[in-house]
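One structure is given below, encoded as structure tokens.
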2 protein chains.
Amino acid sequence: MRADARRNHERILAAARELFAGDPPDVQMDEVARRAGVGVGTVYRHFPDKEALMGELVRERFELFNVRLRAALGDAGAEPGDALADALRENALGLAEDAATRFAFMSGGERVFAHAAAESEEFMRLAEALVRRARRAGQLAPGFRAEDIPMMMCGVCSTMGRSGPGWNWRRHLELAVRGMRG
Amino acid sequence: MRADARRNHERILAAARELFAGDPPDVQMDEVARRAGVGVGTVYRHFPDKEALMGELVRERFELFNVRLRAALGDAGAEPGDALADALRENALGLAEDAATRFAFMSGGERVFAHAAAESEEFMRLAEALVRRARRAGQLAPGFRAEDIPMMMCGVCSTMGRSGPGWNWRRHLELAVRGMRG
DNA sequence: ACCTGAACACCGTTCAAGT
DNA sequence: ACCTGAACACCGTTCAAGT
């Protein structure tokens with residue numbers, strides 16, 4: 001990839017992140033191009049369509065999730081149940097601060113997740129290892145599975161950035177964590 | 001309201017429900033009009049815009065939710081904690097079978113909920129009464145509040161109709177219910 | 001190789017004309 | 001009062017021309 005192309009690629013992603021963090025449903029491709037300082041055609045050269053742009057945000061977020069899970073796995077000091085719960089809390093916080101990616105997660109279709117397939121599979125492997133450890137230590141509810149984690153994180157994500165009396169994603173997360181632990 | 005106008009109103013809503021249950025993001029207003037057997041202008045005469053159409057779906061769903069909560073309140077036989085949990089299960093099932101309204105819930109903005117304000121306030125009153133009873137019976141987790149219910153239902157809703165390994169809204173719901181109960 | 005932006009297609013919304 | 005649907009505006013996407 002030519003140097004200018006690589007720079008454009010990054011600029012387009014940065015522009016998308018900034019704009020989607022603002023008023024996500026109203027983001028236009030022309031606007032992304034303008035903010036990135038390129039023509040619309042260039043946006044489409046790098047990302048086949050709008051969904052692909054969102055897919056890349058999701059893929060990068062999974063990479064960040066995985067960094068946290070790996071750190072939790074490497075941390076031999078903490079109680080396994082706490083290590084898992086804290087990793088989920090940190091990941092939730094990261095997502096709460098990234099409205100652009102939340103939008104991609106919630107409104108993106110299959111293709112968005114297909115683009116992050118490798119990273120989400122790695123996520124599941126790491127989550128399974130953490131769950132196994134916590135289970136052995138007797139710190140999880142009997143029927144809980146690693147596969148429940150994406151659902152619960154998706155649920156907590158769906159309450160982020162929404163307003164309403166009593167709406168607080170941290171409370172929601174703790175409710176879910178209580179369901180996960182014994 | 002004239003008889004033909006009332007009939008059109010119902011037809012438009014029915015058409016919207018059917019179409020939004022199919023491929024929600026692709027539903028067009030022209031298509032709603034065609035299926036309802038009216039002109040597009042008539043759709044707009046009855047509903048100021050697309051969001052208003054979704055708002056009405058949400059409002060009617062809250063009415064159904066409230067029917068269940070009232071029934072649970074009236075049922076003196078069951079344990080209060082079970083009465084609450086079962087009402088939530090029934091409401092979740094209703095929503096799971098109604099993809100059109102799920103779309104309205106998840107992708108609708110503030111206006112969608114503003115349109116259902118009266119019904120959602122009634123929902124909170126009923127939920128608070130059920131929670132109070134279950135709390136007195138010692139059947140809820142210490143910090144749980146009625147205000148947590150919309151968050152948890154929103155979370156479970158966000159996993160409905162999505163596919164993925166292990167994705168099952170009933171499991172997600174039971175996880176949340178375990179967090180709610182002691 | 002890669003970039004540009006005018007042009008096209010599609011769909012939400014309006015409004016002049018009709019009953 | 002209410003209905004109709006052609007017309008308009010907006011925005012995702014393409015592609016011929018450029019470097």
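So you know, we letter chains A, B, ... as the sequences are listed, proteins then strands, and number each from 1.
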Check whether more than 12 heavy atoms from other residues, nucleotides or ligands sit under 6.0 Å from atom CZ of B:Arg111, and answer yes or no.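 For B:Arg111, atom CZ is crowded (more than 12 foreign heavy atoms under 6.0 Å).
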Has B:Glu18 got more than 12 heavy atoms of other residues, nucleotides or ligands less than 6.0 Å from its CD?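 Yes, the 6.0 Å shell around CD holds more than 12 heavy atoms from other groups.
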For DNA chain C, whose closest nucleotide is more 5', that of B:Asp30 or that of A:Asp30?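 The residue whose closest nucleotide sits nearer the 5' end is A:Asp30.
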5'-most by nearest nucleotide on DNA chain C - B:Arg2 or B:Val40: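 Taking each residue's closest nucleotide, the earlier one in sequence belongs to B:Val40.
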Does a nitrogen or oxygen in the side chain of A:His46 sit under 4.0 Å from OP1 or OP2 of C:dC2?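 A:His46 to C:dC2 OP1/OP2: no side-chain N or O under 4.0 Å.
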Hey, is the side chain of A:Tyr44 poking within less than 4.0 Å of OP1 or OP2 on D:dT14, counting only N and O atoms?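 Answer is no, no contact under 4.0 Å.
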Between [N] atom [atom2] and [X] atom [atom1], what is the distance in whole Å?
X: B:Asp49; N: C:dT14; atom1: CG; atom2: P; answer: 8 Å
X: A:Asp4; N: C:dA1; atom1: CG; atom2: C1'; answer: 9 Å
X: B:Arg6; N: D:dA1; atom1: CZ; atom2: P; answer: 15 Å
X: B:Asp26; N: D:dG12; atom1: CG; atom2: P; answer: 15 Å
X: A:Arg45; N: C:dA1; atom1: CZ; atom2: C1'; answer: 6 Å
X: B:Gln28; N: C:dC11; atom1: CD; atom2: C1'; answer: 6 Å
X: B:Glu31; N: C:dC10; atom1: CD; atom2: C1'; answer: 13 Å
X: A:Lys50; N: C:dA9; atom1: NZ; atom2: P; answer: 20 Å

Return the nearest nucleotide to the side chain of B:Ala5; candidates are C:dT4, D:dT4, D:dC2.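 In terms of side-chain proximity for B:Ala5, the closest of C:dT4, D:dT4, D:dC2 is D:dC2.
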Indicate yes or no for a side-chain donor-acceptor contact from B:Asn91 to the backbone of B:Leu88 under 3.5 Å, with no hydrogens or angles considered.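 Not confirmed, B:Asn91 side chain does not pair with B:Leu88 backbone.
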Students often get this wrong, so: under 4.0 angstrom with heavy atoms, is A:Val27 touching a base, only sugar-phosphate, or nothing?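 Since only primed, P, OP1 and OP2 atoms lie under 4.0 Å of A:Val27, the category is sugar-phosphate.
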Note, DNA chain C 5' to 3' with Watson-Crick or G-U pairs under 3.5 Å encoded as ( ), [ ], | and . gives ||.|||||...|||||.||
Give the intermediate values and the outcome of side chain to side chain contact (heavy atoms under 4.5 Å, CB included) for residues A:Val156 and A:Met160. CA-CA 7 Å; A:Val156 172; A:Met160 292 173 179; 3.9 Å; yes
Mind telling me whether B:Phe123 and B:Phe62 have parallel, tilted or perpendicular rings, with 30° and 60° as the class edges?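 Plane angle over 60°, so perpendicular.
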If you assign each of A:Gly41 and A:Met29 to its closest nucleotide in DNA chain D, which residue comes earlier from the 5' end?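 The residue mapped nearer the 5' terminus is A:Met29.
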Could you walk me through whether A:Tyr44 and A:Leu53 pass the side chain to side chain contact (heavy atoms under 4.5 Å, CB included) check? CA-CA 9 Å; A:Tyr44 280 90; A:Leu53 206 44; over 6 Å; no
Smallest separation among heavy atoms of A:Ser158 and A:Arg162, with atom names: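 Heavy-atom minimum between the residues: O-NE, 3.4 Å.
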